[in-house]
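Working notes, beginning with the structure itself.
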Amino acid sequence: MAAITASLFVFLTTELMPIGLLTPLSESLEVSVGAAGLMVTAQGVAAGLGVPFIVAWTRRVDRRRLLTALLAVLAVGNLVTSIAPNYPLILGTRLIMGFASGVFWAIGVSMAMRIVPEKHANRAAAVVMSGISIATVVGIPLGTLLESAGDWRTTFMIWAGLSALVFLAVAFTIPSLPSANAVSVREVFELPVKNVQLRVVLVMVVFFVLGHFAAYTFVRPYLEESTSATVGFITVVLIVFGIGGAIGNFIGGQTVNKSLRGSFVAGGLLLIAALVMLLTIGTNDVGVIAAMSLWGVAFGVVQLSQINMTLAAAPETFEAAMSLNTMAYNTCIALGALIGGLFADHTGVTSVVRLGIVLVALAVVLRATTGRRTAPTG
């Protein structure tokens, strides 16, 4: 469990690390802030679009061997990023790393749920998802601090080493896990056609992820513009967000079994409230801390809720359903960063926060207005 959680940590921090480094990345590589955000976009596009195919094509591969291969790609990719002489090479490397990241998201949670007794499966999912909180509390802020002490290349070099350590942990601690309930590419894409409940979940994921990451990707430029925030304060803010996420993950772990729909709706409303707070009282340090704390709690609840909604919608084909979830999620991370970058470059970073409010609200409305039980068809 610890090895899989650590895997999530290194995959997620690698994917989102540019968020805390946008300003120095753009200056060092001589590109705009919006263009630097494409480092998130590139990895998200590959993770999203490639995952259903790779998961299906590797459906007969032992999941332990597959995960070690993915971690090897991650370690080498971080190393190349740290020494790459130009921006195009970095983008190309991020694309390749994205394929590995997407497959991990599709198989990682299901691996954790398989190595514990069935009655503890949901708890196992919550434990692994705590890697998200660890990444936001420790990983991304630590990357920001390392950059301020040295440069962004040092940050990625260190993450290459961490990825290699996790590779060894997975190789030597996780038991053999032959592929389970994997299906062909055709059957993967037939799932949302036949399963109405899964289709609704995927649309909600699209709106939520677009809204959250359009805003979150540009937190640093927003705070630098609205409050003249220093690197030190931005690091504190990212830590606060991560702590909130850990709290939200714990809360979600207690509430999803009682009311899955209610957990998602409540978390989404809290996220909207946090973004409104950022716009209204986020002009001083106290207001920013309050808004980012609430945002983190809300994200933790919604994140765990949407994973459990995917499981509830397709329990017999969870890995395949998670590959579609991952496709939607990571593609929308990419699109969120891309759209947010366009808004930031043309209408200012404040508009990105407003965009996030609108998109998350659409996800909440969809979840609140759909039936409690939407049975699969066909």
Side-chain angles (χ1 to χ4, degrees), residues 4 7-8 11-12 15 42-70 73-74 95-114 121-122 124-125 128-129 177-210 260 303-336 363 366 370 374-378:
I4 296 175
S7 299
L8 188 151
F11 273 109
L12 184 63
E15 184 169 355
Q43 189 158 345
V45 166
L49 298 183
V51 60
F53 300 95
I54 299 175
V55 169
W57 292 335
T58 59
R59 62 185 182 273
R60 305 190 195 287
V61 178
D62 185 286
R63 271 21 197 168
R64 180 186 63 184
R65 293 181 179 178
L66 181 57
L67 181 52
T68 55
L70 301 176
V73 172
L74 189 72
L95 277 169
I96 295 171
M97 293 163 72
F99 290 119
S101 179
V103 176
F104 168 77
W105 281 102
I107 69 171
V109 175
S110 64
M111 286 176 66
M113 297 172 77
R114 289 175 60 194
N122 286 340
V128 170
M129 296 305 290
L177 289 172
S179 178
N181 70 46
V183 297
S184 67
V185 172
R186 179 180 59 81
E187 291 172 298
V188 169
F189 286 103
E190 284 180 350
L191 283 177
V193 176
K194 297 180 177 180
N195 189 324
V196 178
Q197 187 178 358
L198 179 61
R199 188 161 66 241
V200 171
V201 170
L202 293 175
V203 174
M204 285 187 296
V205 168
V206 166
F207 285 135
F208 157 64
V209 178
L210 280 176
L260 192 48
Q303 177 73 358
L304 191 58
S305 297
Q306 63 90 13
I307 293 264
N308 279 272
M309 285 193 295
T310 304
L311 174 60
E316 301 302 321
T317 52
F318 180 47
E319 193 173 279
M322 273 303 298
S323 73
L324 292 173
N325 180 299
T326 302
M327 180 178 70
Y329 199 103
N330 283 277
T331 302
C332 289
I333 288 178
L335 290 175
L366 179 60
T370 50
T374 307
T377 62

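Everything numeric in this text was worked out from a predicted model, so none of it was measured.
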Check the pair Phe11 / Met97 against side-chain contact (heavy atoms from CB on, under 4.5 Å), numbers first and verdict last.
-> CA-CA 9 Å; Phe11 273 109; Met97 293 163 72; over 6 Å; no
Between the CG atom in Leu366 and the CZ atom in Phe208, the distance rounded to the nearest 0.5 Å is 14.0 Å
In this structure, CE of Met309 is separated from CE of Met204 (nearest 0.5 Å) by 4.0 Å
Requested in this report: Using modelled atom types only, decide if a donor and an acceptor are shared between the side chain of Asn325 and the backbone of Leu202 within a distance under 3.5 Å.
Outcome: no
Nearest heavy-atom approach of Arg63 to Thr58 is NH1-O, 2.5 Å
What one should report as the nearest heavy-atom pair of Cys332 and Leu210 is O-CD2, 3.6 Å
Open item on the list: Pair Leu70, Ile107 - check side-chain contact (heavy atoms from CB on, under 4.5 Å), show working.
Closed with: CA-CA 11 Å; Leu70 301 176; Ile107 69 171; 4.2 Å; yes
Inset, instruction - Could you tell me whether the side chain of Leu74 reaches within less than 4.5 Å of the side chain of Ser101, counting heavy atoms only? - result: no
In short, Ile4 meets Phe104 closest at the heavy-atom pair O-CZ, 3.9 Å
Worksheet item: Does CZ belonging to Arg65 count more than 12 external heavy atoms closer than 6.0 Å?
Response: no
When every non-hydrogen atom of Gly102 is compared with those of Val51, the smallest separation belongs to O-CG2, 3.2 Å
side-chain contact (heavy atoms from CB on, under 4.5 Å) filter on Phe189, not counting sequence neighbours, yields Pro52, Phe53, Val185, Leu324, Met327
side-chain contact (heavy atoms from CB on, under 4.5 Å) with Tyr329: of Ile307, Val205, Thr310, Val206, only one passes, and it is Val205
Sorted by chain and residue number, the side-chain contact (heavy atoms from CB on, under 4.5 Å) partners of Ala69 (sequence neighbours excluded) come out as none
- Item | Backbone of Pro192 reached by a side-chain donor or acceptor of Arg199 within 3.5 Å | yes
Between the CD atom in Gln306 and the CG atom in Leu260, the distance rounded to the nearest 0.5 Å is 10.0 Å
side-chain contact (heavy atoms from CB on, under 4.5 Å) filter on Ile96, not counting sequence neighbours, yields Val73
Heavy-atom nearest pair, Arg186 first then Glu190, reads NH1-OE2, 2.9 Å
| Between the main-chain N or O of Met322 and the side-chain N or O of Thr326, is there a donor-acceptor pair closer than 3.5 Å? | yes
Looking only at heavy atoms, the pair that brings Leu198 and Asn195 closest together is N-OD1, 3.0 Å
